[in-house]
Amino acid sequence: LSGWVETNQVRQTNYGPTNWHFQDAGFAREYGSLNPKEDWATCWEVYFGGAIASAFGLNAPPVRVVGSAQVLTQKLQLIDDFFSHMEQFA
(Lines give C-alpha, C1' and ligand atoms only; values in the text may rest on other atoms or scores of the structure.)
Protein backbone atom coordinates (compact mmCIF):
# COMPACT_ATOMS: atom_id res chain seq x y z
CA LEU A 1 0.00 0.00 0.00
CA SER A 2 2.88 2.39 0.65
CA GLY A 3 4.49 2.00 -2.75
CA TRP A 4 7.84 0.88 -1.34
CA VAL A 5 10.70 0.71 -3.82
CA GLU A 6 14.23 -0.45 -3.05
CA THR A 7 16.92 1.63 -4.73
CA ASN A 8 20.68 1.69 -4.84
CA GLN A 9 20.64 5.26 -3.47
CA VAL A 10 21.02 5.56 0.28
CA ARG A 11 19.15 8.37 1.99
CA GLN A 12 19.75 9.59 5.52
CA THR A 13 16.83 9.59 7.97
CA ASN A 14 16.50 10.58 11.63
CA TYR A 15 16.94 6.89 12.44
CA GLY A 16 19.88 6.09 10.16
CA PRO A 17 20.55 5.39 6.50
CA THR A 18 18.17 3.42 4.32
CA ASN A 19 17.98 2.51 0.65
CA TRP A 20 14.18 2.27 0.64
CA HIS A 21 11.83 5.01 -0.41
CA PHE A 22 8.07 5.24 -0.66
CA GLN A 23 5.42 7.03 -2.66
CA ASP A 24 2.33 8.64 -1.15
CA ALA A 25 2.33 6.64 2.06
CA GLY A 26 0.72 7.03 5.46
CA PHE A 27 2.65 5.87 8.50
CA ALA A 28 1.54 5.16 12.05
CA ARG A 29 4.88 6.30 13.46
CA GLU A 30 7.66 8.36 11.91
CA TYR A 31 10.15 5.47 12.02
CA GLY A 32 7.67 3.42 10.00
CA SER A 33 8.91 5.38 7.00
CA LEU A 34 12.35 3.72 7.23
CA ASN A 35 11.54 0.53 5.38
CA PRO A 36 8.63 -1.83 4.67
CA LYS A 37 9.26 -3.93 7.79
CA GLU A 38 9.05 -0.94 10.16
CA ASP A 39 6.03 0.33 8.22
CA TRP A 40 4.16 -2.95 8.73
CA ALA A 41 5.30 -3.36 12.34
CA THR A 42 4.10 0.10 13.35
CA CYS A 43 0.69 -0.61 11.79
CA TRP A 44 0.34 -3.70 13.99
CA GLU A 45 1.50 -1.66 16.99
CA VAL A 46 -1.24 0.92 16.41
CA TYR A 47 -3.86 -1.74 15.65
CA PHE A 48 -3.25 -3.66 18.87
CA GLY A 49 -2.71 -0.52 20.94
CA GLY A 50 -6.22 0.57 20.06
CA ALA A 51 -7.72 -2.90 20.49
CA ILE A 52 -6.16 -3.43 23.91
CA ALA A 53 -7.17 0.02 25.10
CA SER A 54 -10.77 -0.58 23.97
CA ALA A 55 -10.90 -3.96 25.71
CA PHE A 56 -10.01 -2.30 29.02
CA GLY A 57 -12.21 0.76 28.51
CA LEU A 58 -9.21 3.05 28.06
CA ASN A 59 -8.43 5.65 25.47
CA ALA A 60 -6.16 4.42 22.68
CA PRO A 61 -2.67 5.91 22.61
CA PRO A 62 -2.51 8.93 20.30
CA VAL A 63 -1.37 8.28 16.74
CA ARG A 64 0.46 11.01 14.89
CA VAL A 65 -0.08 10.09 11.25
CA VAL A 66 2.88 10.79 9.00
CA GLY A 67 1.70 11.22 5.41
CA SER A 68 -1.67 10.09 4.09
CA ALA A 69 -4.25 9.19 6.74
CA GLN A 70 -6.24 7.39 4.03
CA VAL A 71 -3.34 5.02 3.28
CA LEU A 72 -2.82 4.32 7.00
CA THR A 73 -6.55 3.57 7.35
CA GLN A 74 -6.27 1.09 4.46
CA LYS A 75 -3.34 -0.65 6.18
CA LEU A 76 -5.27 -0.97 9.44
CA GLN A 77 -8.30 -2.26 7.52
CA LEU A 78 -6.08 -4.91 5.94
CA ILE A 79 -5.11 -6.16 9.41
CA ASP A 80 -8.76 -6.13 10.47
CA ASP A 81 -9.72 -8.07 7.34
CA PHE A 82 -7.02 -10.64 8.13
CA PHE A 83 -8.53 -11.35 11.55
CA SER A 84 -12.04 -11.44 10.12
CA HIS A 85 -10.88 -14.01 7.58
CA MET A 86 -9.12 -16.07 10.28
CA GLU A 87 -12.31 -16.27 12.38
CA GLN A 88 -13.73 -18.80 9.93
CA PHE A 89 -11.00 -21.25 10.95
CA ALA A 90 -11.61 -20.90 14.69
Side-chain angles (χ1 to χ4, degrees):
L1 292 171
S2 298
W4 283 101
V5 179
E6 189 171 20
T7 69
N8 58 5
Q9 296 177 342
V10 176
R11 68 180 171 93
Q12 190 63 36
T13 68
N14 292 338
Y15 302 98
T18 183
N19 62 329
W20 287 95
H21 78 273
F22 53 88
Q23 302 167 358
D24 191 30
F27 301 101
R29 304 273 188 263
E30 184 179 353
Y31 61 88
S33 68
L34 284 178
N35 60 57
K37 292 177 184 176
E38 291 293 352
D39 180 12
W40 194 225
T42 56
C43 288
W44 284 82
E45 176 186 2
V46 167
Y47 183 87
F48 280 109
I52 291 169
S54 294
F56 289 98
L58 304 171
N59 292 326
V63 176
R64 199 175 107 217
V65 178
V66 179
S68 168
Q70 181 180 2
V71 173
L72 177 58
T73 300
Q74 291 171 340
K75 293 175 190 178
L76 297 175
Q77 184 62 51
L78 187 63
I79 296 170
D80 201 47
D81 291 347
F82 169 75
F83 285 113
S84 294
H85 179 74
M86 294 306 294
E87 284 179 351
Q88 68 182 328
F89 299 108

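The structure displayed is predicted, hence computed values, not measured ones.
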Taking every heavy atom of Thr42 against every heavy atom of Ala28, the minimum-distance pair comes out as O-CB, 3.6 Å

Straight-line distance of Glu87 CD to His85 NE2, nearest 0.5 Å:
11.0 Å

Just verifying a value: how many Å separate Trp40 CH2 and Leu78 CG, rounded to the nearest 0.5 Å?
4.5 Å

Contact check, side chains of Leu76 and Leu72, non-hydrogen atoms, under 4.5 Å:
yes

Taking the six-membered ring for Trp and the single ring otherwise, decide whether the centroids of Phe83 and Trp44 are under 6.0 Å apart.
yes

For residues 36-50, the salt bridge (Lys or Arg N to Asp or Glu O under 4.0 Å) pairs (sequence neighbours left out) are Arg29-Glu45, Asp39-Lys75

Hey, is CD on Gln70 packed in by over 12 heavy atoms from elsewhere, all under 6.0 Å?
no

